[in-house]
Amino acid sequence: MGNLLVSLRIVFLIAMRNLTSHRVKSLIVGSIMAFGTMLMVVGTSLLDSVEESMEKVVSSSLTGQLQIYSTEGRDELSLFGGLTASRPDIGEIEDFSKLKQFVEPVENVEAIVPMGVTIATGAGGNDIDSTLADLRRAVEANNSAEIKKLEGQIVQLASLLEDEYEYRAKIAADTEKIEQDLEILQRVQEASFWEDFDMYANKRLMYLDTKLAPLAADGKLFFLRLLGTDPQLFKKSFDRFEIDKGQMIPPGKRGVLLSRRAHERFLKHRVARQLDRVKREIEVEGRSLEDDELLQGRVRRLSRQYRRVLFQLDVAETEKLDKMLRDYLSEDVPEDDLAKLVEKFLLVDSNNFQERYDYFYKNIAPMIELYRVNVGETVTIQAFTRRGYLKAMNVKIWGTFQFKGIEDSDLAGVVNLTDMVTFRELYGKMTDAQQAELEELREEVGAEVVTRDEAEDALFGGDAELMEEGQPVELAEGFDEFEDVDVLERDERLARAGELTYEQEEIDSGLALNAAVILKDRERIEETRRAIEAVIAREGLKLRVVDWQEAAGIVGQLITVIRLVLYAAIFIIFLVALVIINNSMVMATMERVSEIGTMRAIGAPRAFVLVLFMLETLALGLIAGTLGGLTGALMVEAAGFYGIPAYNEIVRFIFAGPYLYPHVTWGNVLLAAVVIFVVSVIATLYPAIVATRIQPVVAMRGRE
Amino acid sequence: MFGLEVVLEAIVEIEDVTKNYPLGKLVVQALRGVSLTINKGEFTTIAGPSGSGKTTLLNLIGCVDIPSAGAVRIAGHNTSALNDASLTNLRLRKLGFIFQSFNLIPVLDVFQNVEFPLLLQGDLTKVERAKRVEEILRRVGLTDQIHQRPNELSGGQRQRVAIARALVTKPAIVLADEPTANLDSVTGNTIIELMKELNATAETTFIFSTHDPKVMRQATRIIRLVDGKIVHDGSGTEGVIEATDPALANEEE
């Protein structure tokens with residue numbers, strides 16, 4: 001073999017000469033290999049960068065580096081949303097404080113944050129509802145001026161609704177129900193309804209609540225994905241978290257922080273929201289009102305939402321807006337009413353969009369309710385407890401929050417925060433104080449536990465006189481079934497619950513669904529995971545530990561999927577390269593039978609021929625790989641210098657910001673080199689072996 | 001012992017060699033019980049019509065093939081007893097080859113082609129190799145073409161390169177299979193002259209096959225084969241069949 005080393009130079013020379021003398025073949029094979037290498041370097045570097053940035057986003061906004069949850073649930077944890085909208089069953093952590101006690105001392109653990117997700121619905125924002133609530137307050141306060149003002153607003157609302165229902169009556173097949181509704185709307189507009197309003201305030205309010213309010217289709221429910229946690233600890237542990245409006249939930253207090261995204265997207269006035277959206281599509285997505293039909297369609301639909309503005313105006317505001325818009329839209333003002341004016345105002349085009357957008361926020365927004373839920377308000381939310389009961393409670397909205405760098409991302413906006421105590425209650429776990437309160441209430445209303453056997457006696461009374469059958473029950477004049485229920489007192493009681501302060505012990509002890517673990521050294525995820533698993537096993541807890549990627553749900557898996565697709569593409573490219581190289585080398589072997597035979601006759605050993613063929617492909621692989629790898633690395637570095645823009649919100653989330661700045665990871669370049677080497681060797685092995693089998697005697701055979 | 005007696009050293013010993021080739025279901029007997037001895041320094045030609053077995057005989061002597069029966073000993077080594085690696089080494093150390101189609105490596109220049117077997121041997125330093133290559137190229141008269149590629153040379157020049165390549169390792173035997181067949185007669189003659197001269201000066205044994213009666217006459221010994229058997233072995237021109245004989249000339253083609 002010593003002579004082999006000496007002759008390596010000549011082998012290399014022959015290999016190189018062969019490559020250059022078969023230029024086209026070398027070029028094709030080399031290009032495929034170079035492209036494969038480039039794709040590998042670019043693809044894996046990009047993916048690594050994305051994964052890195054995503055890890056930052058995901059782990060520093062919701063998941064932490066590790067998540068702990070029960071092994072008993074049926075579903076897997078997916079904090080950024082899974083495939084279903086329903087609440088997944090991820091099991092429970094019975095007592096978080098116990099878990100904390102074991103996990104906190106584990107080396108490299110900085111903090112463990114309790115969590116639990118539930119879905120709550122909130123009702124609110126029906127324009128009639130809120131006006132009626134105002135009216136009820138005015139009645140309680142005996143504020144006749146305010147009552148008068150609200151009367152005007154309600155009459156106006158009813159009149160607008162009447163227009164709508166008349167239109168509906170024209171197109172509907174079944175007009176009977178609509179006729180009834182129209183009667184209600186007309187009754188409310190009659191002067192007689194309001195003349196003796198003071199006298200029958202409660203009755204009239206009831207009528208408005210039960211008859212008028214349902215006619216406005218606006219009172220949609222909104223959904224809140226609520227993440228119960230220890231807000232203070234959450235803020236400390238997730239450094240991307242920041243308050244946008246309002247304030248942090250104070251230590252030990254209860255309440256909700258809305259995600260800015262949810263607030264803007266689901267709770268904002270529809271007209272404002274649509275205007276925002278058009279603005280975003282123009283500015284971020286680079287679309288134009290001039291030629292984008294989708295955008296134009298959106299604007300047309302937006303202009304038809306004028307009622308949503310009008311509904312919320314009182315009489316004075318209506319007059320004011322009418323005058324303002326007449327001045328503003330000085331030319332070509334439609335004769336008739338404000339509705340037409342607002343509609344015209346909202347029909348923006350590419351020239352006036354920005355101006356009208358600003359005008360809307362400056363002049364119109366202050367007159368309407370811009371958000372269905374405002375910071376500082378207390379709202380009623382409902383959730384189905386795990387036992388299936390509907391639990392309603394009042395919560396204070398302390399503020400809105402966002403995650404730095406991914407402010408605009410829908411994915412990051414999927415959760416709203418609440419405290420553990422509120423979460424447990426919505427989830428169906430009561431605090432001791434609530435248990436006590438419940439007992440108190442039972443006592444107060446005389447509720448008692450009735451067993452099945454005694455039910456009939458208890459409910460219908462054993463000894464009470466029987467009423468004669470068929471006798472109608474007469475109700476006393478002025479009977480009000482709600483007479484004894486003090487609505488305001490209930491509100492106050494619920495509001496008081498929000499004022500209570502809870503100790504850390506109370507926050508920790510009790511149920512959580514999952515827990516985020518924040519690490520000191522964020523690189524050592526696997527190691528710490530094993531350490532925590534060991535502790536869990538030691539204590540016999542039925543819990544599992546997953547990393548941020550698993551915990552994130554489909555978003556986390558996205559990277560894995562993309563990676564698989566990339567690897568499949570690279571695999572196919574190299575498979576093609578392999579087949580082509582193999583093929584052309586077999587051809588080359590056939591062409592060079594005489595040459596190889598001559599070498600063998602002269603005294604070249606088989607190994608020499610093997611090395612010769614291998615070196616030929618390896619040299620090609622080396623050149624192509626270097627070129628492809630360098631090109632790929634340059635591309636990645638250039639992309640890292642200029643930044644890759646995120647063209648939509650999901651990508652922005654994955655990029656952890658508006659741009660991704662990728663960088664080359666040299667491990668990937670090395671990997672590409674290894675792959676090229678392996679592909680070259682495998683592709684050449686067969687033809688090379690064929691070549692070594694060529695007998696020297698073929699060199700002796702006659703003419704060529 | 002010390003008088004004028006010439007010591008004859010046998011370099012090729014062939015004893016009752018048979019070589020069979022399978023041809024479909026048939027077996028072709030290329031050689032049938034051939035025995036001969038070639039001594040060091042001989043300038044021998046193997047003649048005979050196509051299919052007479054002369055190439056087979058050359059292949060056996062050249063250690064690129066082994067006999068079906070009998071023994072071939074090259075420089076004392078029984079080729080049937082050697083494995084592929086040892087045969088390869090034997091070729092590398094003891095033999096030089098000149099081919100009918102020159103068989104130069106097209107991607108290497110003249111110098112590199114000639115240097116090639118020296119590199120395979122791996123015994124000499126770079127300087128020694130260069131000296132050896134330049135010397136042999138001077139002897140074959142190719143000093144000016146040293147950095148040209150085979151495709152830039154004429155047929156005669158190519159065969160000179162092949163001769164230089166065969167001789168550069170100073171082999172015991174040089175085998176040439178129809179070395180002049182692809183050359184015109186003048187060039188062919190020059191090549192044979194060169195071979196003869198090198199035979200005389202380098203004391204290398206030359207064994208070559210040819211059809212050409214003019215070339216045959218240059219040999220000191222003619223071994224004539226017909227149907228796998230030796231029909232003539234001796235000096236002089238008895239074995240030469242004149243190309244003027246039309247019947248035999250046709251047979252040659």
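In what follows, chains are A, B, ... by sequence order, proteins preceding strands, each numbered from 1.
Without hydrogens or angle criteria, A/Glu527 side chain to A/Arg524 main chain gives no donor-acceptor distance under 3.5 Å. With hydrogens and angles disregarded, no donor-acceptor distance shorter than 3.5 Å links the side chain of B/Arg91 to the backbone of A/Gly603. Under the 3.5 Å distance criterion, the side-chain polar atoms of A/Thr617 are left unmatched by any main-chain donor or acceptor of A/Ser680.
Proximity to chain A involves both the backbone and the side chain of B/Leu108, based on heavy atoms less than 4.5 angstrom apart. Both the backbone and the side chain of A/Met599 come within contact range of chain B, judged by heavy atoms closer than 4.5 Å.
At a heavy-atom cut-off of under 4.5 Å, chain A is reached by B/Arg149, B/Arg165 from residues 146-166 of chain B, listed in order of number.
Counting heavy-atom pairs closer than 4.5 Å to chain A, the top-ranked of the candidates B/Asp65, B/Leu118, B/Ile105 is B/Ile105. Chosen from B/Leu175, B/Asp84, B/Leu104, B/Leu87, the residue pairing most often with chain A at heavy-atom distances under 4.5 Å is B/Asp84.
Salt-bridge formation is detected for the pair A/Arg592/A/Glu616: a Lys NZ or Arg NE/NH1/NH2 atom is positioned less than 4.0 Å from an Asp or Glu carboxylate oxygen. The pair B/Asp123-B/Arg132 fails the salt-bridge criterion, with no side-chain N (NZ, NE, NH1 or NH2) lying under 4.0 Å from an Asp/Glu carboxylate O.
Atom OH of A/Tyr661 sits in a crowded spot, with more than 12 heavy atoms from other residues, nucleotides or ligands closer than 6.0 Å. Within 6.0 Å of atom CD in A/Glu523, 12 or fewer heavy atoms from other residues, nucleotides or ligands are found, so the atom counts as exposed in its surroundings.
No side-chain heavy atom of A/Phe608 sits less than 4.5 Å from a side-chain heavy atom of A/Arg600.
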